[in-house]
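Note: hydrogens, waters and symmetry copies are ignored here, and every other heavy atom, side chains too, is used.
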Amino acid sequence: MPRSRSGVVGPWAAAPAWLLAPLLLLPTLLSDPTAFTRYQSLRFVTISVAVGVGVVWALWVGWTLPRRLVLAAGACWAATAVAAALSESTTFGFFGAPARMVGVMALAVMLGAGYLGSFVGSRDPDGLIVARTVATLGLCVGLVAIAQRAGLELLGVPEIGSSGRWTAPTGSAAQLGSIAVLLLPVAAGLWIARDTEPADRWLGGCATVLLGVSLVFSGARASWLGAVVAGAVLLWAARSERVRRLRSLAVVGVLAIAGLVIALVDGGLRSRLGGAVNTDGTIRGRWDIWRAATPAVGDRWLVGWGPDQGRVGIVEHLPAGFETRYGDTEIVDRAHSLVLDQLLWTGLLGVAALVALVITWLRFVSASSPGFRTWAVLAGLTGFGVHLLFNFPVPEIDVLAWFLAGVAVAGVGADSPWRPPVRWASLAASALAAALLVVGSVHHSVADHRLDRAGRLEEDGDIERATHAYRSAVDTAGRLPVYREALARHLVRIGDGAAAAAAAQEAADQAPDDPYLTELALRARVQQALLAGDRTGTSELVGEYRTLVDRAPNRVSFRTGLALALLADGKIDEARAVATQASMELPLSGAPESALSLIELIAGNEDAAREHAAEAERRDTGES
């Protein structure tokens with residue numbers, strides 16, 4: 001049995017580390033899915049602490065990763081750091097959006113999780129501890145999803161939505177699918193391995209069934225495709241197992257077919273299978289976004305736009321009728337494809353480094369003669385990778401994938417492990433990096449909670465306290481424009497034109513190339529002019545709005561702002577024409593109708609103003 005450098009025998013040398021493994025998913029299991037974008041940074045704080053403590057402890061006990069793999073990982077991180085440093089908003093690039101945390105610091109945690117996984121795997125050569133842990137996680141995911149379907153609010157997870165897609169425990173059907181496709185093959189590997197004890201076989205079998213059901217009812221078609229590929233890899237690996245275990249694999253196949261039959265019978269899932277062209281933002285939406293992302297990549301092909309800043313490049317290339325087709329004004333900030341997203345964020349430099357890291361990892365895995373349970377881990381990673389080709393990355397789930405990737409290379413680092421030249425210096429540097437990461441993440445977490453509280457107060461009509469909460473979020477993490485953007489939008493909604501203009505301009509100054517922030521600043525200035533009744537400088541506002549609309553001509557919502565700018569400049573007829581066209585092209589949004597209501601009110605047409613106001617309310621509330 002392997003010994004750690006501290007002299008402790010066997011897999012128990014890894015006990016503090018593998019006990020941290022459930023923490024990689026625990027924040028997701030315990031989060032509030034109704035506000036998962038707000039609390040995602042809190043999840044990431046917990047994950048950062050778990051990984052940071054585990055890595056520092058593992059460095060003290062011993063080193064396992066091969067030198068070339070460490071160098072490849074360092075090159076990948078450095079390329080991402082270069083892209084962040086050259087982006088318009090450096091702080092944004094390093095820390096990423098608070099809702100997703102996909103900046104340079106997030107990548108550091110993922111690399112740390114990979115190292116921690118390699119350490120755990122080296123103390124668990126037969127993969128039994130890792131398989132048990134993953135199967136337990138899978139069992140938890142499946143139970144929460146089943147409870148949601150049964151109408152139980154387990155762990156705060158609400159009842160299933162009207163779409164019929166399961167979302168527990170993440171608040172997102174796509175994320176549930178990604179967790180399931182990652183964990184399902186590992187649980188199945190524990191179930192069907194010939195040397196598995198009866199108790200572990202029951203654990204693996206139950207987790208396999210529950211994860212399979214969750215995967216089907218998530219309706220995540222990208223994850224379904226990934227599961228098919230993962231199943232093929234597992235089937236190929238199972239050729240070395242005895243025939244009686246292949247019978248168990250056949251049972252898995254029968255369950256998968258039964259799941260597809262259920263999906264065909266279920267109305268919501270049947271529409272997911274048959275909707276090759278639809279308006280629910282999936283297949284057709286992916287195609288439209290990819291069409292916009294491809295030329296955006298060409299605009300900054302070497303280093304990209306910066307981590308998590310794809311929206312800056314995509315907006316200019318959205319196809320005609322995009323907002324009309326999908327009936328909303330959502331900000332498109334991701335390409336929904338790992339390859340395109342990486343090209344957008346880090347350019348060819350970052351993608352080349354990532355590909356080099358993957359190739360280096362594959363070479364070490366292929367040289368390690370992995371056992372069947374390790375092959376099950378590789379099957380899960382393969383299916384997860386296929387899923388990511390058609391979806392966006394989610395850091396807390398990606399961390400778990402990196403952890404398992406480290407497990408898969410655990411047995412090949414003995415010949416040429418990476419050994420820091422000075423042990424204490426290595427530990428100090430790791431501890432300092434972890435501390436900086438946690439401090440930055442904690443700021444995000446506190447600010448996100450304040451944003452969430454501000455939104456709730458605003459919904460309750462407590463405007464004064466809501467405004468204070470928004471300003472508190474800015475005071476906590478004002479380095480990122482997202483917080484000033486939220487404050488400015490709140491001030492626009494409550495009609496505080498002067499304060500809104502100031503906050504929006506500060507946000508735009510932090511990310512001067514972001515068209516959404518530019519438009520927000522212009523809209524706040526227009527509102528200020530309308531409220532003050534002063535036409536000084538309004539012609540310049542109209543000119544700036546026309547420039548922005550020319551930059552993103554297919555963004556209908558920008559034209560709504562142009563209509564208001566024309567109104568402030570006294571050009572009522574032209575404003576009415578622009579707003580009417582925007583209303584026709586964006587039939588599910590109340591914003592153009594609200595603009596028309598204001599235009600008619602100022603024009604003295606009170607009856608028409610009331611009609612447009614009623615139509616705006618009908619659209620915003622979704623009434624037929």
Side-chain angles (χ1 to χ4, degrees), residues 127 130-132 134-135 137-139 141-142 145 166 173-196 200-264 266 269 272-273 338 358 362 365-366 370-391 397 400-401 404-405 407-408:
V130 171
R132 285 173 178 166
V134 170
L137 290 176
L139 200 65
V141 170
W166 294 12
Q175 293 179 31
L176 174 60
S178 66
I179 291 176
V181 75
L182 178 64
L183 303 185
L184 179 59
V186 185
L190 180 65
W191 183 16
I192 65 179
R194 65 173 179 263
D195 59 343
T196 300
D200 290 329
R201 191 173 305 151
W202 273 102
L203 174 62
C206 292
T208 300
V209 172
L210 292 179
L211 284 170
V213 172
S214 301
L215 176 64
V216 169
F217 280 95
S218 71
R221 287 171 292 199
S223 300
W224 291 350
L225 178 61
V228 171
V229 176
V233 173
L234 193 63
L235 181 62
W236 180 84
R239 73 195 191 286
S240 62
E241 299 297 292
R242 294 178 180 175
V243 176
R244 67 185 182 90
R245 288 289 174 261
L246 290 178
R247 294 174 184 171
S248 299
L249 195 62
V251 172
V252 176
V254 171
L255 289 173
I257 294 173
L260 289 176
V261 171
I262 294 172
L264 288 171
D266 183 273
L269 296 182
R272 299 287 297 169
L273 286 170
L338 175 64
V358 172
L362 287 173
V365 169
S366 62
F372 179 66
R373 274 190 286 269
T374 303
W375 268 113
V377 170
L378 293 173
L381 290 169
T382 302
F384 184 71
V386 171
H387 158 88
L388 284 180
L389 293 178
F390 305 96
N391 223 313
I397 302 173
L400 184 59
L404 293 177
V407 168

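Listed here is the closest heavy atom pair of Gly189 and Ala376: CA-CB, 3.7 Å. The shortest non-hydrogen separation linking Ala405 to Leu381 is CA-CD1, 3.7 Å. Nearest approach of Ala230 to Ala379, heavy atoms of both residues: CB-O, 3.2 Å. What you find for Ala220 and Ala173 is that their closest heavy atoms are CB-O, 4.0 Å. Ser214 and Ala145 make their closest contact through OG-CB, 3.5 Å (heavy atoms, listed as atom of the first residue, atom of the second, distance). Of all heavy-atom pairs spanning Leu234 and Ala188, the tightest one is CD2-CB, 3.8 Å.
For the atom pair OG of Ser223 and CG of Leu388, the computed distance is 9.0 Å after rounding to the nearest 0.5 Å. Note that CD1 of Ile179 and CG of Leu176 are 6.5 Å apart. Values are rounded to the nearest 0.5 Å.
In this structure, the side chains of Val141 and Leu210 stay at 4.5 Å or more apart for every pair of heavy atoms. The shortest side-chain heavy-atom distance between Thr374 and Val365 does not fall under the 4.5 Å cut-off. Considering only heavy atoms from C-beta on, Leu404 comes within 4.5 Å of Val134 through its side chain. In this structure, Pro370 and Leu378 have side chains that are in contact, with non-hydrogen atoms separated by less than 4.5 Å. The shortest distance between side-chain heavy atoms of Asn391 and Ser178 does not fall below 4.5 Å. Looking only at side-chain heavy atoms (C-beta outward), Leu225 and His387 stay at 4.5 Å or farther from each other. Taking the side chain as every heavy atom from C-beta outward, Ile192 and Phe372 approach each other to under 4.5 Å. In this structure the side chain of Arg201 never reaches within 4.5 angstrom of the side chain of Leu190, judged on heavy atoms.
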Val186 and Arg373: side chain to side chain contact (heavy atoms under 4.5 Å, CB included), yes or no, with the steps?
-> CA-CA 7 Å; Val186 185; Arg373 274 190 286 269; over 6 Å; no

Leu215 and Trp224: CA distance, side-chain angles, deciding distance, side chain to side chain contact (heavy atoms under 4.5 Å, CB included) verdict = CA-CA 7 Å; Leu215 176 64; Trp224 291 350; 4.0 Å; yes

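Separation of the Trp375 and Trp236 ring centroids falls under the 6.0 Å cut-off.
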